[in-house]
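Here's the structure, in structure tokens; my notes come after.
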Amino acid sequence: MIETKVKTTIKKIKLFQKEKILVALSGGKDSAVTCYLLKKFGYNIEGFHINLSMVEYSDKCLKAVEDLCEQLKIKLYVYDIKKEMGSGMCYLRGMIQSKKSLKNCAICGVIKKWIMNREARGLKADKIATGHNLDDEAQTFLMNIFKGSPELSLNSGAISRNVGDKKFVARIKPLFYVPEDEVRKFSKKQKLPVIYDKCPCALDSYRIQVREFMNTLPDKDKLNILKNMERMLGKVGKKNERVSYCKTCGEPTRKEVCKMCELMGMK
Ligand code: AMP
Ligand code: ZN
């Protein structure tokens, strides 16, 4: 059952009731279910949404997130990318892709993570919760293996590493052991206000191919992929690897310049 799986994960990552948890809400089912369950279990949560300014789709996502936070009676912070960075995600991505050959989701992911960490720190949050589910995680892990770069999964897991760094807000994934299908059913049963459409820019054909392959596997196999990942990760790298700070923006990074500044050409 979904609630038991989430409780087990929470216990594993040692979440405390007094901690302030910022739930990263996209407008989709996964983050909405994460938020609903953390609230139900009595955690101190607030919502955080990045308005990516991708016209109609972003308007629908914002409305869903506002409805959810109103229904759950939690505070919502909205970061408007157009206001804060001067342009919407489509424009930013186009600008980056004119110089670097990178997939849409990869760019969007780097930008969202950078914003989330900085804003969560500003809001004095102890943790950021995202809606990543078992399918997402197993899929990313397999993709990293297929690409020959399993080390890219080093920061995966139900809780991020680097939790010891003062500028890094730990990210947690309460749905880590919950298959996507179970999340969808639960969200529909609770009639949560969410957008079920996929992001119109998620056009990475390789990811779609891996997702289609994963969909042929039973949940038990997907869970085994994650369990193997955890066993492998336990053997490589230290839990609290030292990070340094980006010489351009000051955000935590393992390199001299963070991925965000690298994308923005701020080297
Ligand atoms: P995605 O990378 O789109 O698969 O989303 C993974 C998780 O990141 C979601 O479950 C949310 O927790 C978070 N997230 C994605 N998009 C946004 C957004 N626009 N604003 C806030 N959080 C987001
Ligand atoms: Zn930087």
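Counting starts at 1 for both ligands and their atoms, in listed order.
- Ile107 and Leu203 sit in two unconnected hydrophobic clusters of ILVMFWY residues. Membership requires side-chain heavy atoms under 4.5 Å apart, directly or through other members.
- Distance remark: protein heavy atom present below 4.0 angstrom from atom 19 (N) of ligand 1.
- Residue Thr140 holds its OG1 atom at 4.0 Å from CZ of Arg207, rounded to the nearest 0.5 Å.
- Of the protein's heavy atoms, none falls inside 4.0 Å of atom 4 (O) of ligand 1.
- For atom 17 (C) of ligand 1, the nearest non-hydrogen atom of the protein is Ser26 CB, 3.5 Å.
- For ligand 1, the polar-atom distance check finds an N/O of Gly131 within less than 3.5 Å of one of the ligand's N/O atoms.
- At a threshold of 4.0 Å, the pair Lys12-Glu230 counts as salt-bridged, since one of the basic side-chain nitrogens sits closer than that to a carboxylate oxygen.
- Close contacts between ligand 1 and Ile50 involve ligand atoms 18 (C), 19 (N), 20 (N), 21 (C) [criterion: under 4.0 Å to a heavy atom].
- Aromatic pair Tyr43/Phe16: ring centres not closer than 6.0 Å.
- Distances between N or O atoms of Leu52 and those of ligand 1 include no value under 3.5 Å.
- One N or O on the side chain of Gln17 and one on the backbone of Phe41 form a donor-acceptor pair closer than 3.5 Å.
- Using a 4.5 Å heavy-atom threshold, the side chains of Pro179 and Lys5 count as touching.
- Which parts of ligand 1 touch His49 is read off a 4.0 Å heavy-atom cut-off, strictly below it: atoms 19 (N), 20 (N), 21 (C).
- Distances below 4.0 Å separate heavy atoms of Ser31 from the following atoms of ligand 1: 10 (O), 11 (C), 12 (O).
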Q: Just do the salt bridge (charged side-chain N to carboxylate O under 4.0 Å, His left out) check on Asp59 and Lys63 with the steps written out, would you?
A: CA-CA 6 Å; Asp59 293 342; Lys63 171 83 173 66; over 6 Å; no

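- Among protein heavy atoms, the minimum distance from atom 7 (C) of ligand 1 is reached at His132 CE1, 3.7 Å.
- In this structure, atom 1 (P) of ligand 1 lies nearest to the protein heavy atom Lys112 NZ, 4.1 Å.
- Of the polar atoms of Thr130, none of the N or O atoms is found under 3.5 Å from an N or O of ligand 1, judged by distance alone.
- Residue contact check: Phe48 has heavy atoms under 4.0 Å from atoms 21 (C) of ligand 1.
- Ion pairing between Lys60 and Asp197 holds under the 4.0 Å rule for side-chain N and carboxylate O.
- Ranking protein heavy atoms by distance to atom 12 (O) of ligand 1, first place goes to Ala24 O, 2.6 Å.
- Vertex the Zn ion (ligand 2); arms to Cys249 atom SG and Cys246 atom SG; angle 110° (nearest 10°).
- Salt-bridge check for Glu251 with Lys167: failed, with every basic side-chain N at 4.0 Å or more from each acidic carboxylate O.
- Side-chain contact of Ser26 with Ser31: a donor-acceptor pair under 3.5 Å is present, judged by distance alone.
- Counting heavy atoms closer than 4.0 Å to ligand 1, residue Leu25 contributes backbone atoms (N, CA, C, O) but none from C-beta onward.
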